[in-house]
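Scroll down for the structure; my scribbles are underneath it.
For the numbers below, each heavy atom of this structure counts, side chains included, while hydrogens, waters and symmetry mates do not.
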Amino acid sequence: MREKLTQHDVEKIQQEIDQRKLVERPKLIEAVKEARSHGDLSENFEYHAAKREKNQNESRIRYLENMLKNAIVISDASREDEVGLNNTVTLFMEDDDEEEVYKLVTSIRGSSIHNMISTESPLGRAILRHKVGDRVLVQANETYSYYVTIRKIENTDDSDDTIRKY
């Protein structure tokens, strides 16, 4: 599946790739060399740990480069009065009789712990392009759905959002 990314997502990913290639990679290569010089590699925990960390860095670089290669760059622009990417939305959850606040983001920045939901999630997909006052059906799966009402839409940016690790 091709990842949908904003231009800012692409820039953040490229920054991480550059950091990993230009700063982390040389340090990790040096750590492996240093640990290797300590002798018997079969019982050298430092060598195996350094090698594992180096391999994880290389794996992350490949993952990010592949993501950029296959990405679809999308706009984060939306109309002032409708839910769009990078908007913070206050929703009234009818089943719980509570209000919840979510930020709508691309899937690479989604984090349920920080109330950042992807436009690819059932809730994100349902509320996208709706307006304040709209009552929206969220189809969680084939057997469960619920209603939310959009109470407030705030325009926010993605400057402090981070890219998910995996």
Side-chain angles (χ1 to χ4, degrees), residues 1-25 28 52-53 55-166:
M1 184 171 123
R2 296 178 70 176
E3 201 71 49
K4 293 179 182 174
L5 305 173
T6 65
Q7 185 58 42
H8 196 251
D9 290 340
V10 170
E11 292 166 7
K12 283 184 174 188
I13 290 170
Q14 190 58 56
Q15 287 173 356
E16 182 176 341
I17 291 170
D18 293 344
Q19 169 73 19
R20 287 180 175 278
K21 282 184 171 181
L22 302 173
V23 178
E24 299 300 320
R25 182 184 277 164
L28 294 170
R52 182 175 46 251
E53 193 173 349
N55 290 341
Q56 286 173 340
N57 187 61
E58 295 302 318
S59 176
R60 179 68 175 175
I61 290 169
R62 284 190 306 274
Y63 171 76
L64 294 172
E65 287 177 336
N66 191 46
M67 184 181 297
L68 286 183
K69 185 173 91 175
N70 296 310
I72 299 171
V73 179
I74 60 172
S75 171
D76 60 355
S78 64
R79 292 182 32 197
E80 189 72 27
D81 63 340
E82 69 182 15
V83 177
L85 203 53
N86 296 321
N87 288 151
T88 300
V89 183
T90 303
L91 301 173
F92 176 70
M93 313 301 270
E94 292 183 11
D95 288 355
D96 301 330
D97 197 33
E98 291 181 3
E99 279 190 353
E100 295 187 19
V101 178
Y102 295 100
K103 183 175 181 181
L104 212 57
V105 297
T106 55
S107 60
I108 193 71
R109 292 184 282 133
S111 170
S112 57
I113 294 171
H114 298 103
N115 282 7
M116 298 171 74
I117 58 169
S118 165
T119 55
E120 304 294 320
S121 70
L123 179 57
R125 206 172 23 250
I127 65 174
L128 191 63
R129 307 285 177 243
H130 283 275
K131 299 178 181 195
V132 171
D134 286 357
R135 183 174 183 244
V136 181
L137 176 67
V138 179
Q139 189 74 39
N141 59 39
E142 292 178 8
T143 60
Y144 179 69
S145 61
Y146 59 95
Y147 281 96
V148 298
T149 303
I150 300 172
R151 294 264 172 100
K152 184 179 176 184
I153 302 170
E154 298 175 72
N155 289 323
T156 50
D157 65 19
D158 61 355
S159 60
D160 60 342
D161 296 352
T162 58
I163 303 291
R164 268 196 340 255
K165 291 299 174 198
Y166 276 102

(message) Show every ring pair (Phe, Tyr, Trp, His ring centres under 6.0 Å) that has at least one partner inside residues 108-145, sequence neighbours left out.
(response) Tyr144-Tyr146
(message) Any side-chain to backbone donor/acceptor pair from Asp9 onto Thr6? Under 3.5 Å, distance only.
(response) yes
(message) Show the nearest heavy-atom pair for residues Pro122 and Ala140, with the distance to one decimal.
(response) CG-O, 4.0 Å
(request) Compare all side-chain heavy atoms of Arg62 with those of Asn66 and state whether any distance is below 4.5 angstrom. (result) no
(request) Side-chain contact test, heavy atoms from C-beta onward, threshold under 4.5 Å: evaluate it for Lys4 versus Thr119 and give yes or no. (result) no
(request) List for me each residue that meets salt bridge (Lys or Arg N to Asp or Glu O under 4.0 Å) alongside Asp96, sequence neighbours excluded, and say none if there are none. (result) none
(message) Looking at every heavy atom in both Val138 and Ala126, which two are closest together, and how far apart are they?
(response) CG2-CB, 3.9 Å
(message) Going by side-chain contact (heavy atoms from CB on, under 4.5 Å), name the residues that satisfy it together with Glu53, two or more places apart in sequence or in a different chain.
(response) Leu28
(request) Please round to the nearest 0.5 Å and tell me the distance separating atom CD1 of Ile117 and atom OG of Ser111. (result) 11.5 Å
(message) I'd like to check the side-chain contact (heavy atoms from CB on, under 4.5 Å) partners of Lys152; sequence neighbours left out, ordered by chain and number.
(response) Thr90, Glu154
(request) State, yes or no, whether a side-chain contact exists between Asn70 and Glu3 at a heavy-atom distance under 4.5 Å. (result) no
(request) Name all residues meeting the side-chain contact (heavy atoms from CB on, under 4.5 Å) criterion together with Glu94; count only those two or more places apart in sequence or in a different chain, and write none if there are none. (result) Phe92, Arg135, Tyr147, Thr149
(message) For a quick test of reading the model, state the closest non-hydrogen atom pair linking Ala71 to Leu5 and the distance between them.
(response) CB-CD1, 3.5 Å
(message) Going by salt bridge (Lys or Arg N to Asp or Glu O under 4.0 Å), name the residues that satisfy it together with Glu99, two or more places apart in sequence or in a different chain.
(response) Arg151
(request) Report the residues that fulfil side-chain hydrogen bond (donor to acceptor under 3.5 Å, both in side chains) with Glu80, sequence neighbours left out, ordered by chain and then residue number. (result) Asn155
(request) Applying side-chain hydrogen bond (donor to acceptor under 3.5 Å, both in side chains), name anything that partners Thr143, two or more places apart in sequence or on another chain. (result) Asn141
(request) Report yes or no: does Asn115 contribute a side-chain atom to a donor-acceptor pair with the main-chain N or O of Val101 at less than 3.5 Å? (result) yes
(message) For Glu16, give me all partners under salt bridge (Lys or Arg N to Asp or Glu O under 4.0 Å), at least two apart in sequence or on another chain.
(response) Arg20, Arg60
(message) For a quick test of reading the model, state the closest non-hydrogen atom pair linking Gly124 to Ser121 and the distance between them.
(response) N-OG, 3.0 Å
(message) Counting C-beta onward and ignoring hydrogens, is there a side-chain heavy-atom pair between Lys131 and Asp81 closer than 4.5 Å?
(response) yes
(request) Any chance you could measure Ile127, atom CD1, to Leu137, atom CG, to the nearest 0.5 Å? (result) 13.0 Å
(message) Any non-hydrogen side-chain atom of Arg25 less than 4.5 Å from a side-chain atom of Glu58?
(response) yes
(message) Tell me every residue that passes side-chain hydrogen bond (donor to acceptor under 3.5 Å, both in side chains) with Asp76, counting only those two or more places apart in sequence or in another chain.
(response) Asn86
(message) A side-chain contact here means heavy atoms from C-beta on lying under 4.5 Å apart; do Leu68 and Ile17 qualify?
(response) yes
(message) What's the separation between atom CG in Asp134 and atom CZ in Arg129, rounded to the nearest 0.5 Å?
(response) 13.5 Å
(message) If I take atom CG from residue Asn87 and atom CD1 from residue Ile150, how far apart are they, to the nearest 0.5 angstrom?
(response) 10.0 Å
(message) Test of understanding: with salt bridge (Lys or Arg N to Asp or Glu O under 4.0 Å), list the residues that count as partners of Arg125, not counting sequence neighbours.
(response) none
(request) Using side-chain contact (heavy atoms from CB on, under 4.5 Å) as the criterion, list what pairs up with Asn55, not counting sequence neighbours. (result) Lys51
(message) Once rounded to the nearest 0.5 Å, what's the spacing between atom OH of Tyr102 and atom OG of Ser112?
(response) 9.0 Å
